[in-house]
Chemist: 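So that we are looking at the same thing, I have put the structure below in structure tokens.
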Amino acid sequence: MNDVPMNDPQLPGLRRRGFLTVAGGAAGLGALALTGCAGSGTSGTAAKGDGKPKRGGRLRAAFAGGGASETLDPHLANLFADVARAKALFDKLADYGPDLSARPRLAEKWEPNAGLDRWTITLREAAFHNGKPVTAADILYSYRRITDPRKAFRAKASLEPIDLKASRALDARTIEFILKRPTAEFPNLLAAFGAYIVPEGEDDFDTKPVGSGPFRFVSFSPGKSAVFKRNEDYWDGAPYLDELEFVVANEESARINALLGGQVEYAHELNPTTARAHEGKGQIAIVRLRGSAMQSFAMKTDRKPFDDKRVREAFFLIADRKELVDGALSGAGEIGNDLFGKGYEYYAAGLPQREQDLDRAKALLKQAGAEGLKVTLDTSPVAAGFTEAAAIFRDQAAKAGVTLQKDRQQGQLLEGHSRLRHPLLLPLRRHAH
């Protein structure tokens, strides 16, 4: 979920688009979360207060969900709730560390050839929940499933540089990946959003999913809850918790009330205003993760009006990014600069910060014959700040003679002619709480 170039495979499903980013940060789930200080459902630090983790208890976490259509298929993970469940049940070859570099997970190590177009992956000794070892065959099956042209899996574009027909297993724990072109940052592909490893041949994940993650499946009711138990044999060490339960509560008020009422110990994706209203009162602890998310608007550059570079530049110049950060995120963020990946090692931090310039925006729209432009802006309340940012940007656009009509969706976004998307699935970046 997460780097700079707009045509890079690390932006699954978002190639050939323009982006206007308004807040910067780092990779990850991107949550604004409140945690109860002494929830009734857990034992350990909260209950004992000695700061030392202890085994046992169930952690109940409330997320906004996707309704009855939810699935435990990790390759379809879209919403934060999907990703949280996938991370509990499954694992990837690599994932991002605190410094945003790719760190080995199921991959013990990786080595390129001199030309950077062949990479050899050595797997660590790990097992699936059914006791079978994770093998090279499972890796190749997982990646080939993700890149199936008949499917719309999240990590498909991320894995595009890999020639999976030519790639092969050298032995049970060694894979040689053949790339279509030299790729120095190949480990980032292994850490791609949705690139989870599943058992060879597995295609049914909602009955009894089998992964290699820290928790095992217990039960799943789409749109309601999912319960997992500790994987005692997890290669990275068994979790402290006995059980983990994800509860779906789409309304923010329901999540905060459940937290305050002791029905859950963790509430995900709450806006900064809510966090600050409850801070310092002794009932909850606010978890702040600097730069954990990014929020942006996306332009469909393969169709009018955004196939015209002048229109795209005009939209970049319409945005008052400080107003967006202050209004949509209550100041709990930093201004972005229309590039993904702020905080990453190779982010183009030296580029001049783009500023609002309404006169220049109007001139560009006039040159493009797009005066009086009307665009539909798709948005959704699935993440904090989305609908608020849409309203603010609508008012900013009006100052340049552009009419933005908000189309509020529940759980998914429309694709259509002349649409500006306020995307659900981009890697969000803000200072989360």
Side-chain angles (χ1 to χ4, degrees), residues 1 27-29 44 53-59 61 72-75 77 82-111 119-146 155 158-159 167 169-177 186-202 205 208-218 220 226-246:
M1 39 202 224
L29 287 184
K54 296 177 174 60
R55 292 196 180 277
R58 171 186 285 195
L59 174 68
L72 293 180
D73 188 332
H75 299 156
D82 300 328
V83 177
R85 291 187 291 251
K87 281 181 174 289
L89 289 174
F90 300 93
D91 216 330
K92 297 186 288 187
L93 288 180
D95 215 338
Y96 291 107
D99 63 351
L100 302 181
S101 64
R103 304 286 184 86
R105 296 296 297 166
L106 289 176
E108 186 174 70
K109 62 180 180 179
W110 45 71
E111 296 177 314
W119 288 73
T120 302
I121 306 294
T122 302
L123 300 177
R124 69 176 68 253
E125 293 186 6
F128 290 110
H129 300 153
N130 58 12
K132 294 183 178 179
V134 177
T135 68
D138 301 309
I139 309 303
L140 291 170
Y141 169 78
S142 299
Y143 279 18
R144 286 165 180 163
R145 181 177 189 264
I146 291 169
S158 298
L159 302 182
S167 299
L170 300 182
D171 57 44
R173 290 179 52 211
T174 311
I175 310 110
E176 182 183 49
F177 281 114
F186 177 72
N188 287 336
L189 275 63
L190 309 181
F193 186 78
Y196 293 99
I197 304 305
V198 302
E200 183 180 15
E202 185 61 60
F205 296 93
K208 191 175 181 181
V210 174
S212 61
F215 290 89
R216 300 171 181 265
F217 174 81
V218 174
F220 176 52
V227 178
F228 308 135
K229 65 180 179 180
R230 176 171 56 229
N231 177 12
E232 297 285 0
D233 301 319
Y234 187 46
W235 65 266
D236 201 22
Y240 283 95
L241 293 168
D242 289 333
E243 291 186 318
L244 178 61
E245 180 178 10
F246 295 105

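Because the structure is a prediction, the values reported are computed rather than measured.
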Chemist: Any salt bridge between R145 and D73, counting N to O under 4.0 Å?
Modeler: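 Looking at R145 and D73, the cut-off is met.
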Chemist: Just wondering, do R105 and R103 contact through their side chains at under 4.5 Å, heavy atoms?
Modeler: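 In short, these two side chains do not touch, never coming nearer than 4.5 Å.
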Chemist: Just by distance, do the side chain of H129 and the backbone of F215 share a donor-acceptor pair under 3.5 Å?
Modeler: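 Present.
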Chemist: Decide if the gap between the ring center of W119 and the ring center of F177 is smaller than 6.0 angstrom.
Modeler: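 Judged by ring-centre distance (under 6.0 Å), W119 and F177 do not meet the cut-off.
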Chemist: When you measure from the side chain of T174 to the backbone of T122, do you find a donor-acceptor pair of N or O atoms at a distance under 3.5 Å?
Modeler: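 No, because the side chain of T174 does not come within donor-acceptor range (under 3.5 Å) of the backbone of T122.
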Chemist: Is the Lys NZ or Arg CZ of K92 less than 6.0 Å from the centre of Y196's six-membered ring, within 45° of the axis?
Modeler: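 Positive - K92 is close enough to the ring of Y196 and near enough to its axis.
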Chemist: Taking 4.0 angstrom as the limit, do R58 and E245 come out as a salt bridge?
Modeler: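 Counted as a salt bridge, because a side-chain N and a carboxylate O are separated by less than 4.0 Å.
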Chemist: Judged by atom type as modelled, is there a donor-acceptor pair below 3.5 Å linking the side chain of H75 to the main-chain atoms of I146?
Modeler: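 Answer holds: no.
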Chemist: Is there a side-chain contact between P214 and N231 in this structure, where contact means two heavy atoms from C-beta onward sitting under 4.5 Å apart?
Modeler: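 Contact flag for P214/N231 side chains = no.
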Chemist: Check the orientation of F90 and F205. Use parallel for under 30°, tilted for 30 to 60°, and perpendicular for over 60°.
Modeler: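 Geometry flag for F205 against F90: perpendicular rings.
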Chemist: Do P104 and K109 have side chains that get closer than 4.5 Å, going by heavy atoms?
Modeler: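 Sidechains of K109 and P104: no contact.
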Chemist: Hey, are K132 and D138 close enough for a salt bridge, meaning a charged N less than 4.0 Å from a carboxylate O?
Modeler: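 Salt bridge flag = no for D138 with K132.
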Chemist: Considering only heavy atoms from C-beta outward, does the side chain of I139 approach that of V134 to under 4.5 Å?
Modeler: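 Counting from C-beta outward, I139 and V134 do come under 4.5 Å.
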Chemist: Just by distance, do the side chain of R85 and the backbone of A226 share a donor-acceptor pair under 3.5 Å?
Modeler: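 Absent.
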Chemist: So, R216 side chain and V210 main chain: donor-acceptor pair closer than 3.5 Å or not?
Modeler: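 The answer is no, because no donor-acceptor pair under 3.5 Å joins these two groups.
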Chemist: Side chain of Y96, backbone of A192: donor and acceptor closer than 3.5 Å?
Modeler: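 No, because the side chain of Y96 does not come within donor-acceptor range (under 3.5 Å) of the backbone of A192.
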Chemist: Does a salt bridge link E125 with R173, judged by any charged N lying under 4.0 Å from a carboxylate O?
Modeler: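 Yes, this pair counts.
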